[in-house]
**Q** 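Structure incoming, see below.
The sequence lines fix the lettering, A, B, ..., with proteins before strands; numbering per chain opens at 1.
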Amino acid sequence: TTDVNIGVQPATQPIYIAKAAGYLQPIEEKYDVNFVFHSFSYGAPENQALATGAIDLASAGMGPAIIASARLPAQLLAITILEQTAILVPSDSTITSVADLKGKKVAYPGKGSQQFPLLIKALSDAGLDINDIELFKTKGSNVGQLVTQKDVDAGITWDPHVSKALASGEAKVLIKAEEILPLKSNHYIGNGFYGRTDFIDNNPELVQDLMGSIVQAIELIKSEPETAIDYWQKEIGFPKDVISFSINQQVSVYSTDISPDASTVEKFTTFLQDAGILEASDTPKFNETFAKNAMK
Amino acid sequence: MLNRIKPLQGALPYFIAGLAIITVWQIVVFLLQPSPAILPSPFKTANTLWELIQSGELFIHISASLSRVVSAWCLAALIAIPLGLIQGTNARFEKVFDPVVELFRPISPLAWIPLAILWFGIGESGKIFIIFVATFFPMLLNTVSGVKAVDPVMIRAGKILGCDSSFKLFIKVILPAAMPTILVGMRIAFGTGWAAIIAAELVAAQNGLGFLISDGMEILRSDLVLAGMVVIGVLGVLIDSIFRLIGKKVNWGQS
Amino acid sequence: MLNRIKPLQGALPYFIAGLAIITVWQIVVFLLQPSPAILPSPFKTANTLWELIQSGELFIHISASLSRVVSAWCLAALIAIPLGLIQGTNARFEKVFDPVVELFRPISPLAWIPLAILWFGIGESGKIFIIFVATFFPMLLNTVSGVKAVDPVMIRAGKILGCDSSFKLFIKVILPAAMPTILVGMRIAFGTGWAAIIAAELVAAQNGLGFLISDGMEILRSDLVLAGMVVIGVLGVLIDSIFRLIGKKVNWGQS
Amino acid sequence: MINNQVTQKSSSKGILIQNVSKMFYNAEGEGIEALKPVNLDIKAGEFVAVIGPSGCGKSTLLNIIAGFESATAGSVWVDGEKITQPSIDRGMVFQQYALFPWLNVSENVEFGLKQMQVPAEERKKIVHSFLELVGLQEFANASIMALSGGMKQRVALARVFCTNPSIILMDEPFGALDALTRSMLQDELLAIWKEYEKTVVLITHSVQEALVLANRIVVITNRPGKIKLDIDINLPYPRDKKSLEFRELEAQILSQLTDEIAKNYGVKPKSLTAD
Amino acid sequence: MINNQVTQKSSSKGILIQNVSKMFYNAEGEGIEALKPVNLDIKAGEFVAVIGPSGCGKSTLLNIIAGFESATAGSVWVDGEKITQPSIDRGMVFQQYALFPWLNVSENVEFGLKQMQVPAEERKKIVHSFLELVGLQEFANASIMALSGGMKQRVALARVFCTNPSIILMDEPFGALDALTRSMLQDELLAIWKEYEKTVVLITHSVQEALVLANRIVVITNRPGKIKLDIDINLPYPRDKKSLEFRELEAQILSQLTDEIAKNYGVKPKSLTAD
Ligand SMILES: Nc1ncnc2c1ncn2[C@@H]1O[C@H](COP(=O)(O)OP(=O)(O)OP(=O)(O)O)[C@@H](O)[C@H]1O
Ligand SMILES: Nc1ncnc2c1ncn2[C@@H]1O[C@H](COP(=O)(O)OP(=O)(O)OP(=O)(O)O)[C@@H](O)[C@H]1O
Ligand SMILES: [Mg+2]
Ligand SMILES: [Mg+2]
């Protein structure tokens, strides 16, 4: 039995559902492998682990996923969560549009996150640029706190931190990601699944089956959200009310169309290049065959 | 003064301190009314702690973190103390070695994460390495300063009483003479080692108190965060009192 | 030995150390061929550093971080040293205060982030608070141990020579007698303060070396990470050599 | 307590030691009795020499008079005031020098004057004259580490003399000095004592030194120390070591002391083979 | 260097001090000459007492013989071997006791024996007999911190005697002791010296002590120290302090010393007013 090391994050990623629902077990038996989940609290160490070969596959935010696909010998395999990101303001805020952010303090989770370019895009759509606001980098998990405490006027972060802030009643959505950058099925893209190229090349069938289990998991999320919520709570320890809020209020959106199609990736790449996160020469590598096959 | 401390009496100040902290905590919660997602009440935290204890989960976390910290700390002691003894006595070695130390010392455990992954992967050794980095320097610095403060006449006495090799002199004279200061370094290092546990367990950990805390932050469970902090604090005190006991035996400098 | 160190000669070992590190680094890169996303070559890093210097960006980061560390460190000195002096001389105070210290000491700066945000928001004070936490304890511990190691006969001499208040005795006898150990604590603390800069700048920062490093990690720009680490290391050495100079003046314990 | 009945306040000048005893406790809590109840009434202006075998409690007694240690029972009164803490008016020369290594020689001497807020210029003058007195004017700016043992003791003497305390407590102050430096400083001590009417308590191992200096000699017994002999020395100053009275007193004190000290060495070791 | 011409290897037993001089440098790099070139040929079995004013370089010379400090120029030979480092065969009693505070009394005494790998049982016996010798058998398990000054010095003496070194270097070893303890230990020293034919170099401030013990006395001048008087004492042991020869020698040495020491105090301070 060999270990297949998968990097995950404590977020509502479908791979947890696949595990909890027992979709991974047949694959483990079939290939005589053992899926080992390694949890990283954010993308940076996860990508470093991928770079050294300590993990073979990874599930992470779209930002780290694309950066890894561009800068490491790695490929994007699937887009596993849509949406997920929003700009939040305190619930009694007078800010009603992105244009109102001019001169305001905005918290964000760092350049490596997808939230950063998204913020830039939102600003430029409203005729502003990054110098029109005051930026504060912090951890994604702290953005909600800063907004509800009114230390900042607005903040951009991902789910479940968005749902948590909203559920507390002290924050509201200024704008959702899908309104800023509809990339796929009229939604923004939130979470990616990617892996080391050599691992994918050496284990194509295993990767294929794994993609299948992710699609299966997303089907379960859509058909039996309550079961999925229970699974997540069990696997990651999330508070149930926050996840319910997220699913029911469509803060996180799941689609069985997990394909990283060329146009989506290209748009996202240009978007990251515009934001100065990817350099012009960076071209993320992706492979949509597995996703396409899995969706059949 | 007759100073025979009975074990229970010795624990009393800690209980008082604990009580004081809980009281202040409760007052802060009462006055600021922070969202429980940020600062839960002592009661809520105690409850979570109790659940963690009952499920046995807590002990898994504790033993994971403790074994990491202890391994790293022992490793650091094994390397830093001999190096410190040499550096403190050999001026030429110090001249070359010290700048290297000073270049690396201010670099955060967090900044070592990529290199830890590169060299040690995501297993235990990488985590131990990060804690090692955090424990190594206080031990080294205190050892060096302890050694330098050894009264030269002690060294002379040792030499003329038959410590004819540097090694014997180290073991028989310099080490015991510098022991009180070295022990302070080891105490400080244990604290900094504990404090590095979160950074260390950011990398692909499945258990441990640092994991409990950072994971708790990510999964929005501040009660877990606080419970983890409380456990780290209490364990820190327990371990520190062990050092204190040893210190009393070794600290011949005081009556 | 005649030991008049000329300034340039004093810097020489640091250059040698720097060169040795760069050589080892280049060899590691050559042998392991790590992905440049993890460990870029010294040359690449130097290049990035040069760009950061030319754009002036580096100096913004340096001054931001430096002012945070210095403020926190001064604050810690102002609080930890007097507390340590009291704790080291007053057994009753120590009994009550020490457990509190020991409970908080092992708690990581990272774990303080949510509370720092809760109390201080996004201003400088939150970041300074995190660094303060990291610098406070080594200073306190070393002060206490320095004070306790003061030869009782010195204290007697001070008392009978007219230091009739505890305050005079502190200032005139205990403080100078404990100074060498306190300085070690201050040196260690500056190192731990630097090492906390990444954690501190996770609290809503716009600039700083910690910001540079954690940002660099996220976008897999290890050259930025390494450049930041190099700058922190070099600054650490520079500041440390200032301490060393002061230490030489104060360290009456040695010839 | 037994001694409560005699602790009425004394209004006389000088040092009154009432029923003072002292126990030390080691780490295991075992007690060592260092001083048996001691009573001693030292009048202002007296020069008392204390002699006794090594370890008999002389330093302990001096520390209690200085106010460094509290007696296990009994109390010490100075000029009618009960001693609770040290005071600059009771100067002390320590057995272990106790110089401040972070100050140089003249700063060490200056220390007490600074605490007394003597103006800087005057301080300079006083320090200079006392460094001259002990023959260390050349070493004013030397570090303490660079001094020999005897030089350190001379600095310690200058440090105490220059604050002009009314009581001077001295714990074997001349032990590490060469013969001439010793006799010079002894002469100075006598001169200061007479001119300024100081009260001096001097611990010494030398019966000769005691007889040359003191007008009262106290012999303490083996540990636990108590007073075995308390004798006034009415010889005129300067004392003539060769005079008959001197010789007789010396013999008397030595014989008392010999009895005491011999108890320490009940049986003389027979074999001294070391390998 | 000037002294190169005389550094041929000596094949004689004993201690040969050839052109030894010593400079110290302070923090500012200024030099202090502690010893002018000193030549001294100490034959095996000699008992040499070294006398000189405080700060003249006696401890420095002893440290060089012990091998702790290297001479600025010149060299020291022991039994024909040039000294480069300390050896357990040259025992030393330090001016500042130099006991190990982390060991108790008997462990301190045992230290050298352990280094010599004397078996544990024998070690116990030796330690016991030497603690008895210095009258501290009761304090075998006491901590060093709980000893008086004189008791510490006695432990230091026991520690050196028990390793049975062929050369014994002593820096004012009896200064802190009471008269009887001192004369007892002096007798023991003499007995050990004679029985085991040891070479002894003793620094003392007491001319009497030198005359009681030594068969050769060396007087060193004021800093920078050089030898002013080197005289063999052929009086029979035990020495009679009251004999004419003793008195004459004492007077002769004292007068030499007085000349030297008086140089330290060129002008006696006139005013001693302290406020
Ligand atoms: N801190 C202490 N703890 C325990 N015992 C002590 C302590 N200080 C002194 N003693 C004991 O008290 C006794 C008296 O000590 P003290 O220093 O007064 O002697 P002393 O008469 O001054 O001797 P010496 O002439 O050798 O200096 C000694 O037996 C010593 O062992
Ligand atoms: N480490 C040092 N640095 C500078 N000068 C020193 C040092 N050690 C000794 N000296 C100087 O060397 C001289 C001789 O010192 P040494 O200790 O040999 O004197 P000594 O003859 O033993 O005096 P004493 O009888 O007072 O012990 C002194 O003037 C002293 O100031
Ligand atoms: Mg004494
Ligand atoms: Mg000397």
Side-chain angles (χ1 to χ4, degrees), chain B residues 13-14 16-18 20-21 32 34 38-39 95-96 98-100 102-111 113-115 117-118 137-138 141-142 145 148-149 180-181 184 187-188 190-192 194-199 210 213-214 217 222 225 228-229 232-237 240 253-255, chain C residues 13-14 16-18 20-21 32 34 38-39 95-96 98-100 102-111 114-115 118 134 137-138 141-142 145 148-149 152 180-181 184 187-188 190-192 194-199 210 213-214 217 222 225 228-229 232-237 240 253-255:
Chain B
Y14 292 92
I16 296 174
I21 292 168
L32 292 184
I38 294 170
L39 186 63
K95 269 224 168 126
V96 178
D98 185 69
V100 180
E102 289 309 320
L103 273 168
F104 282 107
R105 192 161 68 86
I107 293 172
S108 166
L110 282 171
I113 291 180
L115 289 174
I117 296 175
L118 175 64
F137 296 108
L141 257 76
N142 266 285
S145 98
K148 286 191 171 175
T181 321
V184 172
R187 271 183 64 199
I188 294 183
F190 215 97
T192 55
W194 261 135
I197 198 82
I198 295 183
I213 291 173
S214 63
M217 286 182 188
S222 304
V225 175
M229 285 166 73
I232 286 183
V234 170
L235 280 178
V237 165
D240 201 72
Q254 293 133 243
S255 54
Chain C
Y14 292 92
I16 296 174
I21 292 168
L32 292 183
I38 288 187
L39 187 63
K95 269 221 169 131
V96 178
D98 184 70
V100 181
E102 289 309 321
L103 273 168
F104 283 107
R105 191 162 68 87
I107 294 172
S108 168
L110 282 171
L115 291 174
L118 175 64
F137 296 108
L141 257 76
N142 267 284
S145 99
K148 287 192 171 175
T181 320
V184 172
R187 273 185 62 199
I188 294 183
F190 214 97
T192 54
W194 261 134
I197 197 81
I198 296 183
I213 290 175
S214 63
M217 282 187 188
S222 300
V225 175
M229 284 166 73
I232 287 182
V234 170
L235 281 177
V237 165
D240 200 73
Q254 292 132 244
S255 53

**Q** Let me know if Ala199(B) has heavy atoms under 4.5 Å from chain C in its side chain, its backbone, both or neither.
**A**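 Both backbone and side chain.
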**Q** Do Ile213(B) and Ile197(B) have side chains that get closer than 4.5 Å, going by heavy atoms?
**A**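 The answer is no; the side chains never approach within 4.5 Å.
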**Q** Taking the side chain as everything from C-beta on, heavy atoms only, tell me whether Trp194(C) gets closer than 4.5 Å to Leu235(C).
**A**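 Yes, close enough: below the 4.5 Å cut-off.
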**Q** Between Phe137(C) and chain B, with a heavy-atom cut-off of 4.5 Å, which part of the residue counts as in contact: side chain, backbone, both or neither?
**A**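 Contact with chain B involves no heavy atom of Phe137(C) at all.
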**Q** How about Ser222(C) and Leu39(C): do any of their side-chain heavy atoms sit closer than 4.5 Å?
**A**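 No, every pair of side-chain atoms sits at 4.5 Å or beyond.
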**Q** Heavy atoms only, distances under 4.5 angstrom: which of Ala17(C), Gly191(C), Ala111(C), Pro99(C) has the most pairs with chain B? Name it, please.
**A** Pro99(C)
**Q** Considering only heavy atoms from C-beta outward, does the side chain of Val237(C) approach that of Arg105(B) to under 4.5 Å?
**A**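 No, side chains not in contact.
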**Q** Tell me, for Leu110(C) versus chain B, whether the close heavy atoms (under 4.5 Å) come from the side chain, the backbone, both or neither.
**A**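 Answer is both: backbone and side chain atoms of Leu110(C) are under 4.5 Å from chain B.
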**Q** What part of Ile16(C) is in contact with chain B, defined as an atom under 4.5 angstrom from a non-hydrogen atom: side chain, backbone, both or neither?
**A**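 The answer is neither part of Ile16(C).
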**Q** Heavy-atom pairs under 4.5 Å with chain B - which of Thr181(C), Leu103(C), Val96(C) has more of them than the others?
**A** Leu103(C)
**Q** Looking at Ile188(B), Val100(B), Ile113(B), which has the largest count of heavy-atom pairs under 4.5 Å with chain C?
**A** Ile188(B)
**Q** Got Ile21(C) and Phe104(B) here, is their nearest side-chain heavy-atom distance under 4.5 Å?
**A**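 The answer is yes; the side chains approach within 4.5 Å.
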**Q** I'd like to know if the side chain of Ser108(C) and the backbone of Ala196(B) have a donor-acceptor N/O pair within less than 3.5 Å.
**A** no
